[in-house]
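Everything on this sheet refers to the single structure shown next.
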Amino acid sequence: MTIAMFKKILIPLKQQKWLPVITVATVGVCISLVFFLFAIKSERQRLLSEFREYANQPITEINNLVLANISSVESMIAFYESSDYVSRQEFNTFASSVLSSHDSIQALEWLPKVVEDNRKAFALEAQLDGFSNYRITERAEDGKLVLAGSRPDYFPVYYVEPLWGNEEALGFDVQSETTRFVALLHARRTGQIAASEPISLVQSTNRENGVLIAAPVFEKAEFHENSSSTDKPVLGFVLAVFQIPKLIMAAENRWVEDPNLGDFYVFSNPDSQGQKLIFAHQSTTDNLPKTVAAIPKPYVSGNIQIADRRWQMIITPPNGWPAAVDLWLPWSLLFFCLGLTVIASAIFRMRLLGVMELEGLSNALQAKNEKLEAVSKALAKYLPSQLWDSVLADEGQRSIGAKRKQLTVFFGDIVEFTRLTHELPPDQLMYILNDFFTEMSAIGIRHGATLDKYVGDAVVMFFGDPTSNGARQDAASCVKMAIEMQERMIDLRKKWLDLGYPKPFHMRVGIHSGSCSVGNFGSDERMSYTIVGEDVNLAARVEKLGKPDKVTITSDTLELIRDQFEFTSCGVVHVESINRDIELFSINLQ
């Protein structure tokens, strides 16, 4: 949209009485909403931070419970390592004390290593121990327990506590099932307690998910201190059976009913594509999420370390979180800002008429200022820039009068210009003359000259007023300016020749330094800022006596610049109008 189109729309709207009030109200409402959105976002972040801190407590509790349970398994290892032989009664007694302190452990088992050659004797020993149906079993494809096939060694369940409810597990060869075998193998190789993937428990009627904690027990023997655990013969494994729902609920029971918390989920293998939901406590009947990514945010995530494995626990906020009462501060801020908007709109309405009147006066004054500025720019072209600047700064003299000052005066004109006026058409003559004046004036202004006037084909400039750098520096600046002008004339001759003016144009330059009268000459109705005096006339005569393409100066100027330029004497001339002899010099150009 252009400025003109904008004004056409804006001006009628300003005439509408209520538009400014509506504008203030709209802006106020928008700012109020921005503050409200920012405040509600900040408040949500604060509430979420508090929720995270609160939700981390049950995660910490379950980790502490797991550590306590693992410690009990370690105590079983120590029990075996400190005994030469552990009987069934001793195992049951020690395991019972452990289980009584850790309700989340479903069972503790002893899995001795049995080689194939000793399989029958091992089963017979268990039968003599009171388990007449004891045999080493494995699970068939249909899920039933059958007699284990022949293999080099077995790790059957030999001792189990409690026995009641776990009878089916007696004799089951744990390494016959892949998931269980992986846990045993990992514990055997590392010599550390290892956890299995979540499995369906043999001794559970509902096939609940469980996890096995396998702890290797090695035979007592002397080994080299650098030997790895794989070099040690394993005696068997202490196996702890954790039923996952029971394990989680043992720590989380008081938290799942907490109104400040929502749903609970536990996933195994959180960092792989094989994520599996192994526990869920959900307040709704919606479908359970299969992966962490399926749970909408925000939620709190924490790790549960089970021996060498890690689970991920997710706790979501309760439904309807955060409640409206929790966000009272943002809403209070919104109503406060809206109240300020109403007050500001009312005040603005009261001052509207006065403002509109002031705007009218301001627009009229602005229009006059713009007109004066345009006139000032036009008038500036008729006065030297230094004089114009001093007048605007209220520093220049504004009445008729002059003063004597030491000046360096410059005269320059085109050679044989009278002949050119007869040979060139007026439009071409005007183009050359204007081009000449433009270029010479630009050079003069750049060197700090005061442009006096254009007289026919001649340009008159001087240095020393209204500003001066000292007589010597003024004279040097004038000579440098003249040299640059003659150099510029070379380019202008080529330019004019290319434009179709076949005859070359040359410029004469005359410079003289002396005392001149400078100031405002004329009448009360019309004044001209210029220079007059004998030395001005002498500068004009020097220019006429000078040679084309040269810079001719008087001895008076030479005395001021002698040590800055190379020069050549042109001899002594008699100037009739001055009635004295003047020695002239030519500056040596490059």
Side-chain angles (χ1 to χ4, degrees), residues 37 40-66 69 104 106 177-180 182-183 194-201 204 206-213 241-324 326-327:
L37 294 176
I40 203 169
K41 180 180 179 180
S42 299
E43 188 66 9
R44 283 179 178 272
Q45 290 294 333
R46 186 188 66 81
L47 293 173
L48 181 59
S49 178
E50 290 182 354
F51 171 74
R52 285 173 177 162
E53 183 177 355
Y54 189 75
N56 276 321
Q57 296 181 40
I59 298 175
T60 301
E61 284 195 17
I62 191 171
N63 272 296
N64 292 337
L65 176 61
V66 170
N69 290 344
S104 55
Q106 180 173 334
E177 194 273 323
T178 302
T179 303
R180 294 170 170 83
V182 170
S196 71
E197 289 280 350
I199 59 173
S200 178
L201 297 176
S204 173
N206 298 332
R207 294 294 186 264
E208 290 97 342
N209 284 331
V211 62
L212 303 182
I213 306 298
V241 182
F242 295 172
Q243 187 177 355
I244 293 177
K246 190 174 182 180
L247 173 67
I248 302 296
M249 292 302 294
E252 307 300 292
N253 187 49
R254 73 184 184 91
W255 294 101
V256 294
E257 303 300 332
D258 193 318
N260 296 315
L261 301 176
D263 301 332
F264 289 68
Y265 305 98
V266 179
F267 292 86
S268 63
N269 303 320
D271 297 328
S272 66
Q273 294 182 351
Q275 289 184 18
K276 181 180 179 182
L277 180 64
I278 58 176
F279 175 81
H281 181 276
Q282 192 169 259
S283 58
T284 64
T285 57
D286 297 340
N287 293 332
L288 295 176
K290 295 182 179 180
T291 63
V292 175
I295 302 175
K297 293 183 178 181
Y299 56 74
V300 172
S301 173
N303 293 328
I304 300 174
Q305 195 68 37
I306 305 290
D308 59 332
R309 295 190 178 275
R310 183 169 61 86
W311 297 344
Q312 184 176 5
M313 187 170 196
I314 305 295
I315 302 178
T316 65
N319 291 332
W321 180 93
D326 296 328
L327 300 175

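The model shown is predicted, which means the values in this text are computed figures rather than measured ones.
Evaluation of the side-chain hydrogen bond (donor to acceptor under 3.5 Å, both in side chains) test over residues 294-306, restricted to residues two or more places apart or in two chains, returns Ser301-Gln312, Asn303-Arg310. Applying the salt bridge (Lys or Arg N to Asp or Glu O under 4.0 Å) test to residues at least two apart or on different chains, the pairs with a partner in residues 47-58 are Arg46-Glu50.
Without hydrogens or angle criteria, Gln243 side chain to Pro245 main chain gives no donor-acceptor distance under 3.5 Å. Judged by distance alone, with hydrogens and angles left aside, the side-chain atoms of Asp308 form a donor-acceptor pair with the main-chain N or O of Ala195 at under 3.5 Å. Proximity of a side-chain donor or acceptor of Gln275 to a complementary backbone N or O of Phe267 within less than 3.5 Å is not detected.
Looking at residues two or more places apart in sequence or on another chain, you find a side-chain hydrogen bond (donor to acceptor under 3.5 Å, both in side chains) between Glu197 and Asn269, Arg309. For Ala293, the side chain to side chain contact (heavy atoms under 4.5 Å, CB included) partners two or more places apart in sequence, or in a different chain, are Thr291. Under the rule for a side-chain hydrogen bond (donor to acceptor under 3.5 Å, both in side chains), the partners of Asp263 that lie at least two apart in sequence or sit in another chain are Tyr265, Ser283. For Thr316, the side-chain hydrogen bond (donor to acceptor under 3.5 Å, both in side chains) test picks out no residue, with sequence neighbours left out.
In terms of heavy atoms, Leu247 sits closest to Asn69 at CD1-ND2, 3.5 Å. In plain terms, the two heavy atoms of Ala183 and Ala194 that are nearest each other are O-CB, 3.7 Å. Thr284 and Asn319 get closest at one heavy-atom pair: CG2-ND2, 3.9 Å. For Ile278 against Ser268, the heavy-atom pair with the smallest separation is CG2-OG, 3.9 Å. Of all heavy-atom pairs between Leu47 and Pro322, the closest is CD1-CB, 3.7 Å. Closest heavy-atom contact between Asn56 and Val300: OD1-CG1, 3.7 Å.
Put simply, the side chain of Arg44 reaches to within 4.5 Å of the side chain of Ile40, judged on heavy atoms. By the 4.5 Å heavy-atom criterion applied to side chains, Val266 and Ile244 are not counted as neighbours.
For Lys246, the NZ atom is densely surrounded, since the number of other residues' heavy atoms within 6.0 Å is greater than 12. Few gaps surround CG on Asp286; more than 12 heavy atoms of other groups in view lie less than 6.0 Å from it.
The structure places CG of Leu65 at 8.5 Å from CD1 of Ile248, a figure rounded to the nearest 0.5 Å. Note that CD1 of Ile295 is 7.5 Å distant from CG of Leu277, once rounded to the nearest 0.5 Å.
Aromatic ring orientation, Tyr54 versus Trp255: perpendicular (interplanar angle above 60°, classes split at 30° and 60°).
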| message | Let's go through Leu48 and Trp321 carefully: what are the C-alpha distance in whole Å and the side-chain angles of both, what is the deciding distance for side-chain contact (heavy atoms from CB on, under 4.5 Å) to 0.1 Å, and is it a yes or a no? | response | CA-CA 10 Å; Leu48 181 59; Trp321 180 93; 4.0 Å; yes
